[in-house]
Amino acid sequence: MKNIYTITFIAIILIAFTHCKKEEPKTLSVSPTRVGVSKDGYSNNITVNTNTDWNATSNKTWCILDNASGIGNEGVSNTSLFGVTISANTTTSERTAIITVSGTNVSSITITVIQEAGDEDFIEVITPTNSSNWEIEQTYNIEWNDNISENVKIELYENTTFLKTITSSTESNGNYSWLLPSDLTHNSNYKIKIISISESNISAYSDNFTINIPSDMYYMTNSTETLSGGTFYDSHGANNYFDNEDYTMTFYPETSDEKLQFNFTFFNVEYENDCSYDYLIIYDGSSSYASLIGVYCGTNSPETITASNSEGALTFVFHSDGRTVEQGWEADISCVGGSSDYITITSPTSSSNWEVGQTYTIQWNDNISENVRIRLWKGSDIITTITTNTASDGSYSWSIPSSISNDNYYIVVGSVNNTNLYGVSDYFTISDGVATYNLDGYWEHPTYSEYKLYISGSTCYFISGDFCLNPNDIKLRNITYTGNGTEHSWSCDAIWCFGNIPEWGDSNTGLITHEGYEDEEIRISAGTARDGEYYDYEGKPWIRSSK
């Protein structure tokens, strides 16, 4: 009975103790409660000390929390950590985020995050760099850094000269894939410019970098190339060539016994009647001293040009004046012939001086079996066909007819079966046997300088100490006589010959005289007319000077 009372007493005591025990309070603390962050960002931990369940939240997307919750241990305070990551401030203003830590049956605690202002808006081009060597018709990545949200425009410059827009708008994500167009030319002074489409003053240039062309594309420069094929352009390809260009470019075939052939598929150079503004000159050989093939301007295309010299080479000379440019040209390059077909003219040469009425032998080498055609050319014009068909035996006798005027010419010997197979001689002279001199200039008496005779663009022959013009086709164009302070001008079609000169205002032949001053006639003695040299007539010296 005693044991029962004892157990009952203990139970009553335990129940009473349990009902009298005080419940543990909920607690929550965090550290730190204020965080200062640089513009470049932040990553660290926040300490939570609590005995209850908790969680943390952020009111800004640029303030990111990690492991931001925990379970409390009843009656025991535990320490927990959660991570805070702050991204770089790309704005130009200071910014604030609030982190709120909440727990069960406790008051929430806030943590204030203050981040300093970011840098001013910027763009920084990373590639291309000054070591970049890009090639047309290939794709490359343009890369950059920026702290802007708006799209950007990308442009191409040559130094600081705008060339073209690569893209008018693309996402400012730091990368753009660019296929280099074929109209770009080789240059080491290209630059990329990236510009905000909202604020044009937010922009940046890349370093200077190089753009190359493929090995089979050739642009007009001062250079020498050896090749088997490709494409030939003016200095700027699909773009217009520039003002004030002067280039000489020579091409050789890779195989020594082949001949270069250029097929012009497009040609447009500034037009002028005698091609004195912009022009392309083509020579059949390895320099501008070789035989002239032609001078081209406007849309007068060279079409197909084939070398006929032993080297198989062609030389191109291009000139542009100070204004008006066009698109230039494009030509496909190939090699033709080889040891099986060639024609090389050995006579006449550049030193040949053939006379009208005389017979000369045109000579050439070839290894073809078909007959040949022989023509006389002056510049880009056929003057006469010497023979339409003769054996390709390397020799042809030609009697020069009287209809051929004094000038410089060249001979072309070509296959009658293949129009692309021909040989071109050097330029040589045909004359009528009388010395030819150009009197274009002022002739004046050293003492009586007020008396001058100006002959415009006339070609003369000196005979028996006097001069004359060809009675067949060269006639007096214009004379200006200045005397006694009065200038008189007239034109006529009279023929100058053997010292007979039109009289004042008269279209008949006779001496140039001024009324009342017949003794002041002007005649020049025989000899080559050169600036600054004196020529006497009856003891009266006259001197030629530049216009």
Side-chain angles (χ1 to χ4, degrees), residues 182 213-221 223-235 237 247-269 279-297 299-318 328-345 364-375 377 379-382 392 410-427:
S182 60
I213 60 175
S215 58
D216 62 347
M217 297 176 67
Y218 302 89
Y219 290 82
M220 190 73 195
T221 59
S223 64
T224 299
E225 304 289 344
T226 300
L227 47 79
S228 59
T231 308
F232 177 42
Y233 300 92
D234 60 277
S235 60
Y247 296 121
T248 299
M249 193 169 187
T250 297
F251 295 89
Y252 291 89
E254 282 186 354
T255 304
S256 60
D257 61 352
E258 290 187 331
K259 312 292 183 185
L260 283 174
Q261 184 174 89
F262 284 65
N263 178 29
F264 283 79
T265 57
F266 176 82
F267 190 86
N268 187 5
V269 170
Y279 53 79
L280 178 68
I281 306 177
I282 306 176
Y283 296 92
D284 186 23
S286 57
S287 75
S288 56
Y289 295 102
S291 299
L292 175 69
I293 292 178
V295 181
Y296 305 91
C297 68
T299 55
N300 176 32
S301 173
E303 297 183 347
T304 300
I305 300 294
T306 306
S308 64
N309 58 88
S310 59
E311 295 175 294
L314 289 171
T315 295
F316 298 83
V317 174
F318 178 68
W329 64 84
E330 178 179 344
D332 295 327
I333 310 171
S334 60
C335 289
V336 297
S339 58
S340 60
D341 50 5
Y342 69 88
I343 300 173
T344 304
I345 299 178
W364 68 94
N365 294 322
D366 68 53
N367 60 353
I368 61 176
S369 57
E370 68 267 29
N371 285 3
V372 295
R373 176 175 55 241
I374 305 176
R375 287 174 171 172
W377 288 69
S380 57
D381 298 321
I382 299 174
S392 56
Y410 59 94
I411 298 288
V412 176
V413 178
S415 164
V416 296
N417 296 338
N418 181 2
T419 57
N420 291 323
L421 176 58
Y422 55 85
V424 181
S425 75
D426 295 334
Y427 261 97

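Values below: every heavy atom of this structure, side chains too, minus hydrogens, waters and symmetry copies.
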Does [Y] offer a backbone N or O that forms a donor-acceptor pair with the side chain of [X] under 3.5 Å?
| X | Y | value |
| --- | --- | --- |
| T265 | E330 | yes |
| K259 | N309 | yes |
| S380 | V295 | no |
| N367 | Y342 | yes |
| Y427 | G379 | yes |

What are the two closest non-hydrogen atoms of [X] and [Y], and how far apart are they?
| X | Y | value |
| --- | --- | --- |
| P253 | A313 | CD-N, 4.2 Å |
| G285 | A290 | CA-CB, 3.6 Å |
| V416 | R373 | CG1-N, 3.8 Å |
| Q261 | T306 | NE2-OG1, 2.8 Å |

Side-chain contact, heavy-atom cut-off 4.5 Å: [X] with [Y]?
| X | Y | answer |
| --- | --- | --- |
| R375 | I411 | no |
| Y296 | Y279 | no |
| S291 | Y410 | no |
| L314 | T250 | no |
| M249 | Y218 | yes |
| D332 | T231 | yes |

Q.
Suppose we screen for side chain to side chain donor-acceptor pair (under 3.5 Å). Which residues come up paired with S308, at least two apart in sequence or across chains?
A. D284

Q) side-chain hydrogen bond (donor to acceptor under 3.5 Å, both in side chains) between S287 and T315: does it pass, once the steps are laid out? A) CA-CA 6 Å; S287 75; T315 295; 5.8 Å; no

Q) Do S286 and E311 have side-chain atoms, one donor and one acceptor, less than 3.5 Å apart? A) yes

Q) Side chains of N371 and S392: do they bring a donor and an acceptor to under 3.5 Å? A) no

Q: If the plane angle is over 60° it's perpendicular, under 30° parallel, otherwise tilted; pick one for F316 and F232.
A: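 Rings of F316 and F232: tilted, 30 to 60°.
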
**Q.** Test applied, side chain to side chain contact (heavy atoms under 4.5 Å, CB included); reference residue, V412; option that passes from I293, V424, I382
**A.**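 That would be V424.
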
Under 6.0 Å between ring centres: does that hold for [X] and [Y]?
| X | Y | answer |
| --- | --- | --- |
| F318 | W329 | yes |
| Y233 | Y219 | yes |
| F251 | F262 | yes |

To the closest 0.5 Å, what do you measure between [atom1] ([X]) and [atom2] ([Y])?
| X | Y | atom1 | atom2 | result |
| --- | --- | --- | --- | --- |
| L260 | E225 | CG | CD | 11.5 Å |
| Y247 | T221 | OH | OG1 | 7.5 Å |
| F264 | I333 | CZ | CD1 | 8.5 Å |
| I282 | S288 | CD1 | OG | 13.5 Å |
| I305 | N420 | CD1 | CG | 9.5 Å |
| L280 | D234 | CG | CG | 9.5 Å |

Q. Checking side-chain hydrogen bond (donor to acceptor under 3.5 Å, both in side chains) for the pair T304/N263: CA distance, chi angles, key distance, verdict?
A. CA-CA 4 Å; T304 300; N263 178 29; 3.2 Å; yes

Q) Counting only heavy atoms not in F266, do more than 12 sit closer than 6.0 Å to its CZ atom? A) yes

Q: Quick one: do T344 and W364 satisfy side-chain contact (heavy atoms from CB on, under 4.5 Å)? Show the steps, please.
A: CA-CA 5 Å; T344 304; W364 68 94; over 6 Å; no

